[in-house]
Structure formats: structure tokens, C-alpha cells
Asks: 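Before I ask anything, let me first share the structure, which is written out below as C-alpha cells.
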Amino acid sequence: MHDFIMIEDSEFWNVSCDGPYVPIKTISEAMVTVPKTRKEYNDVDRKSIEKTFSAKKILVCGIGTDEYNHISACQSTKKIWEALPTAHDGTTQVKQSKIDMLTTEYELFKMKENESFLDISFYLHHQ
């Protein structure tokens, strides 16, 4: 997925890492920055916002149904990108549980008296 985003446009990758582009303006009296209204957007603002939406579309179109269900509530491409590892592989607890379960299976694994090495080999390759 990362390679596809990079190939499409390097700005897409920036949106995924840095978060969405929000056009801002400075109010000179108070010296504070506030988001612009849509009417105040210039061409650069509109193009940057389009990049944000395109990056989100690429991520959403490139994942499966299971992953989509985990990220559908994410508002930005950055949040989607951060949520995908958990959606794809599970949380750290889930990973540790899988490791523990496989370790236990390995430790309990024994060849039975009536089994040959070929039987075990066949069993292992078809799991």
C-alpha cells in the first residue's frame, strides 16, 4: 500500500503521515490562526484538500472488508494509516495470545507411538 501511495503522488504520503491539510488564515488584530471558510479557499487550498480526499480514497479502496470495518469511523487519512496495523494484525494483546497459543502447541507436540516421521511431516505441511 505504501508503495502505491508513493507512486501515485508523494503528497499523498505526506497527508497519510502528517494529517489532513486545513487552510488557515491569520487574524492580524489578535495574531491567531483560524481555519478559513470554504469561500476563502484559493487554488492552492483546493488542490491540497483534493490531495487529502484522494489519499483517503486510495487507502479505503485498497483494503478489504474486515479492515474497512475497523477504520470506517476514522476522519482522516492519518488516522486510517495509524489504525490499519491493528485492523490487519490485531492488537498487541491479540498478537501475544496467538504467540502464546502457538508456543503451547509446539511444546505439547509429540510423535505418537504409531506415527511415523512422514505422518508428522504430512500433518505439519497441511495445517
Side-chain angles (χ1 to χ4, degrees):
M1 180 72 70
H2 168 264
D3 293 336
F4 180 72
I5 292 172
M6 289 296 291
I7 290 168
E8 185 70 25
D9 191 323
S10 64
E11 290 180 32
F12 288 169
W13 181 239
N14 293 339
V15 168
S16 298
C17 292
D18 302 333
Y21 173 80
V22 178
I24 58 170
K25 64 181 179 180
T26 302
I27 300 175
S28 58
E29 306 88 46
M31 291 305 292
V32 295
T33 56
V34 295
K36 291 180 180 178
T37 64
R38 286 183 189 262
K39 290 179 182 178
E40 296 173 311
Y41 290 177
N42 59 32
D43 288 340
V44 172
D45 295 333
R46 279 190 278 289
K47 190 166 188 80
S48 295
I49 289 170
E50 285 176 20
K51 295 284 184 188
T52 298
F53 286 117
S54 295
K56 187 172 182 180
K57 182 176 82 174
I58 287 171
L59 283 176
V60 170
C61 290
I63 61 173
T65 307
D66 292 337
E67 287 91 358
Y68 180 78
N69 291 334
H70 285 91
I71 60 94
S72 60
C74 295
Q75 295 296 315
S76 70
T77 308
K78 181 177 182 178
K79 294 294 183 192
I80 292 172
W81 191 253
E82 291 169 350
L84 279 175
T86 300
H88 184 70
D89 293 330
T91 64
T92 304
Q93 284 180 314
V94 170
K95 289 179 193 177
Q96 188 59 51
S97 294
K98 289 177 185 177
I99 290 169
D100 292 344
M101 182 184 71
L102 291 170
T103 301
T104 302
E105 281 184 38
Y106 171 75
E107 290 170 348
L108 296 175
F109 184 76
K110 289 183 185 179
M111 188 168 86
K112 298 175 185 157
E113 284 186 37
N114 59 349
E115 286 182 314
S116 70
F117 178 74
L118 292 175
D119 293 332
I120 292 172
S121 177
F122 178 80
Y123 172 79
L124 291 175
H125 290 307
H126 291 88
Q127 285 296 318

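Bear in mind that the values here come from a model prediction, so they are computed numbers and not experimental data.
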Asks: Quick check: do Ile71 and Cys74 have side-chain heavy atoms less than 4.5 Å from each other?
Replies: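 Yes - at least one pair of side-chain heavy atoms lies under 4.5 Å apart.
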Asks: Mark yes when over 12 heavy atoms from residues, nucleotides or ligands other than Lys36 sit less than 6.0 Å from its NZ; otherwise mark no.
Replies: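 Yes, enclosed.
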Asks: Between Gln75 and Ile80, is any pair of side-chain heavy atoms under 4.5 Å apart?
Replies: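 With C-beta onward as the side chain, the pair stays apart.
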Asks: Strictly by modelled atom types, are Thr37 and Glu40 linked by a side-chain donor-acceptor pair under 3.5 Å?
Replies: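 Yes.
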Asks: To check you understand the geometry: which heavy-atom pair defines the closest contact between Ile49 and Pro23, and what is its length?
Replies: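 Residues Ile49 and Pro23, closest heavy atoms: CD1-CG, 3.7 Å.
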Asks: Within a reach of under 6.0 Å around CG of Asp43, are more than 12 heavy atoms found that belong to other residues, nucleotides or ligands?
Replies: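 Not more than 12 within 6.0 Å, no.
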Asks: Show your working on side chain to side chain contact (heavy atoms under 4.5 Å, CB included) between Thr33 and Lys25 and close with a plain yes or no.
Replies: CA-CA 5 Å; Thr33 56; Lys25 64 181 179 180; over 6 Å; no
Asks: Within a 6.0 Å radius of atom CZ on Phe53, are there more than 12 heavy atoms belonging to other residues, nucleotides or ligands?
Replies: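 No - once you tally the heavy atoms of other residues, nucleotides and ligands closer than 6.0 Å, there are 12 at most.
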Asks: Give the other cluster members for Val32, using side-chain heavy-atom distances under 4.5 Å between Ile, Leu, Val, Met, Phe, Trp and Tyr residues; answer none if it is isolated.
Replies: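 Hydrophobic cluster check, Val32: joined to Ile27, Val34.
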Asks: To the nearest 0.5 Å, what is the distance between CZ (Arg38) and CG (Asp45)?
Replies: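 Atom-to-atom, Arg38:CZ and Asp45:CG are 12.0 Å apart.
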Asks: Got a second to check how far Ser54's OG is from Lys47's NZ, nearest 0.5 Å?
Replies: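 So the gap between those two atoms works out to 9.5 Å.
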Asks: When rounded to the nearest 0.5 angstrom, what distance separates CD in Glu107 from CD in Glu105?
Replies: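 Glu107 CD to Glu105 CD: 11.0 Å, rounded to 0.5 Å.
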